[in-house]
Student: 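Got a structure for you, written out below as structure tokens; questions coming shortly.
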Amino acid sequence: MKDLSYNPGSIEKKWQAKWDADQLYRSVIDNSRPKHYALTMLPYPSGDLHIGHWYAMTPSDARARFKRMQGYNVLFPMGFDAFGLPAENAAIKDGVHPMKRTRQNIERMRKQLRSMGAMFDWEREAVSSDPEYYRWTEWFFIQLYKAGLAYRKMSPVDFCPHCNTTLAREQVWGDDRHCERCGTPVIKKDLEQWFFKATQYADELLRFEGIDWPERVKTLQTNWIDRSEGASVIFKTEAGNHDVEIFTTRPDTLWGATFMVFAPEHSLVDEVTSPEQKAAVEEYKVQAARQSDIQRGAVDKEKTGVFTGGYAINPVNGARIPIWIADYVLMSYGTGAIMAVPAHDERDFAFAKKYDLPIIPVILPEGQSEAVVGDEAYIGAGVMVNSGMLDGTPVNTEKGRKNPSIAKIIDWLEEKGVGKESVNYRYRDWLISRQRYWGSPIPMVHCDIHGWNPVPEDQLPVTLPEDVEWKPTGESPLKLHPTWKNTTCPICGGPATRETDTMDTFMCSSWYHLRYLSPHYDKGPFDEEEYNYWMPVDTYTGGIEHATMHLLYTRFFHKAMRDIGITEGHEPMLQLRNQGMVLGEDNEKMSKSRGNVIAPDILVDKYGADTVRAYLMFFARWDMGAPWDSQGIEGSARWIRRVWTLFTDPQNASGSAGTASDETKRNLRRKVHQTLKRVTRDFENFEFNTIVSSLMELMNEMYKAREAGAVGTDEWKEAQEIYLKMMAPVAPHIAEELWVDYMGKPYSIHQQQWPVVDEAAAKEDVIEIPVQINGKVRDRVTVAADASEADIKSAVMASEAVQKHLEGKEPKKVIVVKGKLVSLVV
RNA sequence: GCCGAAGUGGCGGAAUAGGCAGACGCGCACGACUCAAAAUCGUGUUCCCUACGGGAAUGAGGGUUCGAUUCCCUCCUUCGGCACCA
């Protein structure tokens, strides 16, 4: 006797154990089948899987399962991004070693992940903090170094005083320039740090050909890189005849340059400063250095500056123009020096007005007879004036060579050798060094004689020492270790010291999709045979918050490795889809402090994983997300239970089995195939909410068909079979249970082929067509689906309601859209 | 300021070639079952009106069209990103 009540706890445990024992989700190379690499972003092992993980992973899993049923050999791996600050910060508090804590957390999260019933291939699990993993993170660093793409430089870098480490530019967020992780405003520190030359790939990173990524992500990356076309121009200093290179997007306004501004940190400031101005310049420099970037960056701040007493020579006309320093010029963009054209630049205009500097207009606006200095800078189109050889050239608002005036001056500058066409980016090289312990070591050694050199590759990995002291000093705990940093120079064998900073964890996650291919491979970062079969990633799913971080780093990494000869193709991930966010019931972001966190473990205990999965797919558009609704999940729970009842208890139907009319059977079959068509399409398009609603609709139809005596008919059996197959990716446990135990079908439903739509069955044979009169629906007529225009027309004219609304008049126009609608114009 | 996304019932949302707005679900109301409640099942549920009929309605206004949630223009609001970037 079967248990008639739905008991998800025992069903789910039973099948998870069996799938595991049978290695049902093991993915191995199979050249006879097309492959599909479905990747979802790996979690940081915080110790608890939250509802956001479920929201990202279970629909991704459902789609991977769908692809598998479609005949693809699907790889859907999982792992842990296990290095990082939280474990180390916790260690500072309670002394528990990050490795120990991380292992415990992973152990717990593996269990939670298994409770999802996802098709993860655990044999391919990769953990970035394992030496067998970070050995290759180090190895990649060395490959970048050898290719000239990793370098060390002293520069003012962003430092989070709370996390006690430097951050990459991408990890500094918002108006107040706070740390992406902890929210603390960052400060500047002058430090020698390792960088990757990401800017070398700026132009290529702006191209997205051949990848199907959301416009949103492409826009974010494009804005982040912020390519700016213009020219670089060489000015000479009067004192010392030094070259001063400036970048400008408006080289055509060179004749209007009436002064020059250096950033206070510019290297030539001391050279050009006159003895009389020295004191004032020094004072301004000190004051600017004391101000944070935030203060300096305040948009509405009044501009300040100091005259250096020095002059520069304008290369186009030999004009002698004063050099000022001002903090509105930033050392971090362009060359840290600008030519100031107050007539045609708002900032320069404000500065010139304040310090009474000359303003020379060089663009005559359209429709005006004379170029005059107005109340603000003129940045529109017109004709060049006061500009020597450029006079009379039209100016538009285009950037770069698309603007005739800019094209002309660039040619001229290049011919004279005083400037050239140039492109600038806001994008910076990737700062890799972190002053922390719990990260992949940077495998570099410093010797007083031979400088920096990589650790020989056969000596990798450089492993983290276990006996370290946790102190929040702002320096790497590795530096404070008594012996770890002492080593020998790989060139001369003499005494040398190791790099004690560790790598940004985004380095680890830039290649995890490659480690999944062969997580225990020890002859390289991945087994080439696996690479050739599985790569590139076909679908990648995860949050949009990584648009300018992980997703940009990964693209850079792949392109750099392609050029080094390690990877193939131009992009690592062909298709990207982002899920939205599950908010708390109060419509706020979930957080412990708000007390609005929804714990998936509790939901699984109460409803079972299948219901949680179904609700997460159903309750919102996946790419949008929505606030959690703890009453809403009851709807999904009801659906699952009603499906259970429909399959396990067909006898309680009032209609007697097998007595259904031909029409009932035909209608059932039509609904089944129409649903199959929609579900198939929606799975392709990541539209999970309508998959579940279509399945709910079909279930409602099946209940009606059951009442009408459909149970026992061939159509009913087909409906049941197709229903479970469509349901299997969404609710894998109940689908398996009903498939094997109640329908007596061969195990496993997850190895079945996705059903094929019978188009003929899906077709309607009688349709109801709305009739519009002057744009308003006045009646509906029922006609055969393939009725001709003439037939439809006569059916319409026969309608009483139509005749009533026509009031005896002949319609001026009759539009018949076959199979859709009839529109009459009176 | 610049760039992007989004505005549809009380709520989440559907409408995927410009063709019946509100599928599916939540909530709510009423009914059945029950001593009662829960669960379950059934019916109804955009708004307005003089209500077996009619009107309005997809952020606002305009346009194209026989016909617009869908296409075009101008706004408004919300969210996200960037911002003294030369």
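Letters A, B, ... mirror the listed sequences (proteins, then strands); counts begin at 1.
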Student: Can you find a side chain N or O atom of A:R426 that sits less than 4.0 Å from OP1 or OP2 on B:rA83?
Tutor: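 Yes.
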Student: In terms of the nearest nucleotide of RNA chain B, which residue is placed more toward the 5' end: A:V825 or A:M696?
Tutor: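 Per heavy-atom nearest nucleotide, the more 5' residue is A:M696.
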Student: Please state whether the phosphate of B:rG25, meaning OP1 or OP2, lies under 4.0 angstrom from any side-chain nitrogen or oxygen of A:N700.
Tutor: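 Checking B:rG25 against A:N700, a side-chain N or O does come within under 4.0 Å of OP1 or OP2.
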Student: NA contact type, A:E768, heavy-atom cut-off 4.0 Å: base, sugar-phosphate, or nothing?
Tutor: base
Student: Side chains of A:E585 and A:S630: is there a donor and an acceptor less than 3.5 Å apart?
Tutor: yes
Student: Nearest-nucleotide wise, let me know which of A:K820 and A:R169 is further upstream toward the 5' end of RNA chain B.
Tutor: A:K820
Student: Taking the P atom in each of B:rA21 and B:rA56, what is the distance between them to the nearest angstrom?
Tutor: 12 Å
Student: What contact category does A:D226 fall into here, base, sugar-phosphate, or nothing, at under 4.0 angstrom with non-hydrogen atoms?
Tutor: sugar-phosphate
Student: Applying a 4.0 Å non-hydrogen cut-off, can you work out what A:I815 is touching in the nucleic acid: base, sugar-phosphate, or nothing?
Tutor: base
Student: Using whole Å, what does the distance between atom C1' of nucleotide B:rA83 and atom CD1 of A:I225 come to?
Tutor: 17 Å
Student: Can you check each nucleotide of nucleotides 10-15 of chain B against protein heavy atoms at under 4.0 Å and return B for base, S for sugar-phosphate only, - for none, in 5' to 3' order?
Tutor: --BSS-
Student: Rounded to whole Å, how long is the line connecting atom CG of A:N578 with atom P of B:rA6?
Tutor: 13 Å
Student: Reckon A:S228 has a side-chain N or O less than 4.0 Å from the OP1 or OP2 of B:rA86?
Tutor: yes
Student: With a 4.0 Å cut-off, would you call A:D345 and A:R250 a salt bridge?
Tutor: no
Student: Suppose you measure atom P in B:rC3 against the same atom in B:rC75; what distance do you get, rounded to whole Å?
Tutor: 12 Å
Student: Rounded to the nearest angstrom, tell me the gap between atom CD1 in A:I792 and atom P in B:rG19.
Tutor: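 Whole-Å distance recorded here is 16 Å.
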Student: With rounding to the closest Å, how many angstrom separate the C1' atoms on B:rG80 and B:rA15?
Tutor: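 Nearest-Å result for B:rG80 against B:rA15 at atom C1': 27 Å.
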Student: So is A:R555 actually on top of A:W213's ring, under 6.0 Å and inside 45° of the axis?
Tutor: yes
Student: How are the rings of A:Y55 and A:F619 set to each other: parallel, tilted or perpendicular (split at 30° and 60°)?
Tutor: perpendicular
Student: For B:rU78 and B:rC30, measure between their P atoms and round to the nearest Å.
Tutor: 39 Å
Student: Between atom CG in A:L330 and atom C1' in B:rC82, what is the gap in whole Å?
Tutor: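 About 14 Å, once rounded to whole Å.
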Student: Distance check, C1' atoms only: B:rG13 and B:rC66, in whole angstrom units.
Tutor: 31 Å
Student: Between the side chains of A:E215 and A:K218, is the shortest nitrogen-to-carboxylate-oxygen separation below 4.0 Å, so that they form an ion pair?
Tutor: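 So A:K218 pairs with A:E215 through a salt bridge.
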Student: Name the orientation class of the two ring planes belonging to A:Y355 and A:W324 (parallel below 30°, tilted from 30 to 60°, perpendicular beyond 60°).
Tutor: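 Ring orientation, 0 to 90° scale: tilted.
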Student: Examine the side chains of A:N223 and A:R426 and answer whether a donor and an acceptor come within less than 3.5 Å of each other.
Tutor: no
Student: Any base atoms under 4.0 Å from A:Q772, or only sugar-phosphate, or nothing? Heavy atoms, all strands.
Tutor: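 Base contact - A:Q772 has a heavy atom under 4.0 Å of at least one base atom.
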Student: Rounding to the closest angstrom, what is the interatomic distance between B:rU50 and B:rA39 at atom C1'?
Tutor: 44 Å
Student: For the pair made of CG in A:L552 and P in B:rG81, what is the distance, rounded to whole Å?
Tutor: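 Atom-to-atom, A:L552 to B:rG81, this comes out as 16 Å.
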Student: Pick the P atom in B:rG19 and in B:rA68, then give their distance to the nearest Å.
Tutor: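 11 Å, rounded to whole Å.
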Student: As a test of the definition: with a 90° window around 0 for syn, would you call B:rG13 syn or anti?
Tutor: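 Because its glycosidic torsion lies more than 90° from 0, B:rG13 adopts the anti conformation.
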Student: Rounding to the closest angstrom, what is the interatomic distance between B:rC41 and B:rU34 at atom C1'?
Tutor: 13 Å
Student: Taking any heavy-atom pair under 4.0 Å as a contact, classify A:R227: base, sugar-phosphate, or nothing.
Tutor: nothing
Student: Counting only heavy atoms and a strict 4.0 angstrom limit, can you tell me which residues of residues 632-642 of chain A come near RNA chain B?
Tutor: A:G632, A:G635, A:R638, A:R641, A:R642
Student: Does A:K813 have a side-chain nitrogen or oxygen under 4.0 Å from the phosphate oxygens OP1 or OP2 of B:rC66?
Tutor: yes
